[in-house]
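Sequence lines set the chain letters: A, B, ... in the order given, protein chains first and strands last, and positions in each chain run from 1.
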Amino acid sequence: MPIQYYLFLSMALFSIGIMGTLMRRNAIIIFMCIELMLNAVNLLLVAFSKMYVDSSAQIFVFFIMVVAAAEVAVGLAVIVMMHRKVHSVDINILNRLKH
Amino acid sequence: MYEVLFWFLTIMAIGCALGVILSRNPVNSVLFLIATFFAISGHYLLLNAQFLAVVNIIVYAGAIMVLFLFVMMLMNLNADVEPQKSRLAQLAGMIAGGVLFLVILAALRTASLSVLDKQSNDIGLIKNLGKVLFTQYVLPFEISSVLFLSAIIGAVVISRKEEVHSTVADGSVNTSDIK
């Protein structure tokens, strides 16, 4: 299996994540699209790890997962707090930082 | 067999990723994203990254997506009446993403990269990854534990209810009244 296929697959997933980030108004969906982009990068790193027979890339994937978990915890806390204040997760309402 | 599995998982990953951004109901989006993560885990298995496949299912599909689902249920967002962006903004976003895809595709189409060999190696097993993680990358590992601790504390501090601030505000008002 040529590695180009994995390249194109992860690029397609990354582009879909960008499209979702630009198209949706729900803050949680935008967060999920960011997770999708992170996973596309993870897939690419694992494919290169197989190509070069090197396990460092898999360690990087492990650290990306760690950072993603921490980011999701803090980000969802921020979204919950915003929802408690303005009762919406619509980014067109959240862009006014004063209530 | 390998090719069949590869194409099946690829189509499943891309189709479910499209389902994430196109479905109107946010709960359906979460379920599609979980399916995408399962497809990516299947790709990890094909690439001899067994440890990462298991961790991906446990951490992403198990923990993070359940967190998303809980937050969504907590806010009663499982309704189909979600405000959408205007058609023009949606079209612009789709064109921007598609043009980025085309640009990288054109740049990497002629890249000379080697073909992945089919014989399995054991660099993705827990034994080898653990050896590398606890010898070469032990300092980032410890720092990531500090990052986790600060993320936990930050999440608790941010999302707690704000009685403390109201009492502080009342106290300041009282002192100003006394003055």
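- Residue B/F141 touches chain A through both its backbone and its side chain, counting heavy-atom pairs closer than 4.5 Å.
- At a 4.5 Å heavy-atom cutoff, the contact between B/V30 and chain A is made by backbone and side-chain atoms alike.
- Among B/A89, B/A96, B/P140, B/A63, the residue with the largest count of heavy-atom pairs under 4.5 Å with chain A is B/P140.
- The OG atom of B/S144 sits 13.5 Å away from the CE atom of A/M65 when rounded to the nearest 0.5 Å.
- In this structure, the separation between OH on B/Y60 and CG on A/L38 is 5.0 Å, given to the nearest 0.5 Å.
- The most heavy-atom pairs under 4.5 Å with chain B, out of A/V80, A/V74, A/I59, come from A/I59.
- The shortest side-chain heavy-atom distance between B/Q90 and A/L22 does not fall under the 4.5 Å cut-off.
- Note: B/Y137 and A/F60 have perpendicular aromatic rings, judged against thresholds of 30 and 60 degrees for the angle between ring planes.
- Within the 4.5 angstrom heavy-atom criterion, atoms from both the backbone and the side chain of B/S29 approach chain A.
- With values rounded to the nearest 0.5 angstrom, A/I18 atom CD1 is found 11.0 Å from B/I21 atom CD1.
- For a residue to count as touching a neighbouring chain, one of its non-hydrogen atoms must lie under 4.5 Å from one of that chain's; by this rule A/F8 touches chain B with backbone and side chain alike.
- Atom CG of B/L105 sits about 9.5 Å away from atom CG of A/L7, to the nearest 0.5 Å.
- Nearest heavy-atom pair across A/V46 and B/A49 is CG1-CB, 3.8 Å.
- With values rounded to the nearest 0.5 angstrom, A/M19 atom CE is found 6.0 Å from B/M94 atom CE.
- Comparing A/N39, A/V72, A/V66 by heavy-atom pairs within less than 4.5 Å of chain B, the highest count is held by A/N39.
- Put simply, NZ on A/K50 and CD1 on B/I123 are 8.0 Å apart, with the number rounded to the nearest 0.5 Å.
- Per-residue heavy-atom pair counts under 4.5 Å with chain A were compared for B/V156, B/V71, B/L22, and the maximum is reached by B/V71.
- Within the 3.5 Å criterion, the main-chain N or O of B/S159 finds a donor-acceptor partner in the side chain of A/R84.
- Contacts between B/L33 and chain A at a heavy-atom distance below 4.5 Å involve the side chain alone, from C-beta outward.
- For B/F6, the part sitting under 4.5 Å from any heavy atom of chain A is the side chain, from C-beta outward, and nothing else.
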